[in-house]
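First up is the structure itself, then whatever we jot down about it.
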Amino acid sequence: VQLVESGGGLVQAGGSLRLSCAASGFTFDDYAIVWFRQAPGKEREGVSCISSYYDTTYYADSVKGRFTISSDNAKNTVYLQMNSLKPEDTAVYYCAAQRFPCFRSSYYYTGYEYDYWGQGTQVTVSS
């Protein structure tokens, strides 16, 4: 069982990156994929979620209108398109999988137990 993130890197403020979370070893369609990020000295934050099974999505207020989550079930991959990046978006981004509909409140993501986690990918936005 694996979740593998890719696509991180260094970008200037205002730029774009697309992160990928590739899944293997479990029934991808049954799971929601959540993108988290964690900056040094800060708590982990649930950024976005997509559930093909429940047909739900979620965006944190801090990224709404700038980030777009999508899923290619044929490739077992979830993407996070990040536009208009800001220095405060700098963090390690992780994807995690669990069987639930995406919640509407960020509160529920942080405390939930996830079946699978990726290793993370660094995103650095320079000013």
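- When the side chain to side chain contact (heavy atoms under 4.5 Å, CB included) test is applied to Ser105, the partners found at least two apart in sequence or on another chain are Tyr107, Tyr108.
- Contacts classified as salt bridge (Lys or Arg N to Asp or Glu O under 4.0 Å) and involving residues 17-32 (residues at least two apart or in different chains) are not found.
- Residue pairs meeting the ring pair (Phe, Tyr, Trp, His ring centres under 6.0 Å) criterion with at least one partner in residues 74-96, sequence neighbours excluded, are absent.
- Applying the disulfide bond (SG atoms under 2.5 Å apart) definition to pairs two or more places apart or across chains, those involving residues 1-34 are Cys21-Cys95.
- At least one side-chain heavy atom of Val78 sits under 4.5 Å from a side-chain heavy atom of Ile69.
- The side chain to side chain donor-acceptor pair (under 3.5 Å) check on Gln122 picks up Thr124, with sequence neighbours excluded.
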- Message: Between Val4 and Gln119, is the side-chain contact (heavy atoms from CB on, under 4.5 Å) condition met? List the steps.
- Response: CA-CA 7 Å; Val4 179; Gln119 82 290 349; 4.3 Å; yes
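- For Ser16, the side chain to side chain donor-acceptor pair (under 3.5 Å) partners are Asn83, not counting sequence neighbours.
- Listed by chain and residue number, Asp89 satisfy the salt bridge (Lys or Arg N to Asp or Glu O under 4.0 Å) test with Arg66 (two or more places apart in sequence, or in another chain).
- Between Glu5 and Leu3 there is no side-chain heavy-atom pair separated by less than 4.5 Å.
- For residues 11-45, every residue pair satisfying the ring pair (Phe, Tyr, Trp, His ring centres under 6.0 Å) rule, not counting sequence neighbours, is listed here: Phe26-Tyr31, Phe26-Tyr116, Tyr31-Tyr116, Phe36-Tyr114, Phe36-Trp117.
- Shown here are the salt bridge (Lys or Arg N to Asp or Glu O under 4.0 Å) partners of Lys64, two or more places apart in sequence or in another chain: Asp61.
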- Start with the C-alpha distance between Val123 and Leu17, add both sets of side-chain angles, then the distance that settles side-chain contact (heavy atoms from CB on, under 4.5 Å), and finish with yes or no. CA-CA 9 Å; Val123 171; Leu17 285 173; 3.9 Å; yes
Throw together a table of side-chain donor-acceptor distances under 3.5 angstrom for residues 39-52, partners on residues two or more places apart or in other chains.
{"from": "Glu45", "atom 1": "OE1", "to": "Arg37", "atom 2": "NE", "distance (Å)": "2.9"}
{"from": "Glu45", "atom 1": "OE1", "to": "Arg37", "atom 2": "NH2", "distance (Å)": "3.3"}
{"from": "Glu45", "atom 1": "OE2", "to": "Ser62", "atom 2": "OG", "distance (Å)": "2.9"}
{"from": "Ser48", "atom 1": "OG", "to": "Tyr58", "atom 2": "O", "distance (Å)": "2.9"}
{"from": "Ser51", "atom 1": "OG", "to": "Tyr54", "atom 2": "N", "distance (Å)": "3.0"}
{"from": "Ser52", "atom 1": "OG", "to": "Asn73", "atom 2": "OD1", "distance (Å)": "3.4"}

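- The aromatic ring centroids of Phe67 and Tyr59 lie 6.0 Å or more from each other.
- Grouping the Ile, Leu, Val, Met, Phe, Trp and Tyr side chains by contacts below 4.5 angstrom, directly or via other members, places Ile33 with Met82.
- Note on residues 98-113: no pairs pass salt bridge (Lys or Arg N to Asp or Glu O under 4.0 Å), not counting sequence neighbours.
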- Task: Carefully, step by step, assess Tyr112 and Tyr109 under the rule ring-ring contact (aromatic ring centres under 6.0 Å, His included).
- Result: CA-CA 5 Å; Tyr112 217 95; Tyr109 291 100; 8.4 Å; no
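- Between Leu10 and Ser126 the shortest heavy-atom distance is CD1-CB, 4.4 Å.
- Within the 4.5 Å cutoff, side-chain heavy atoms of Leu19 are placed close to those of Thr121.
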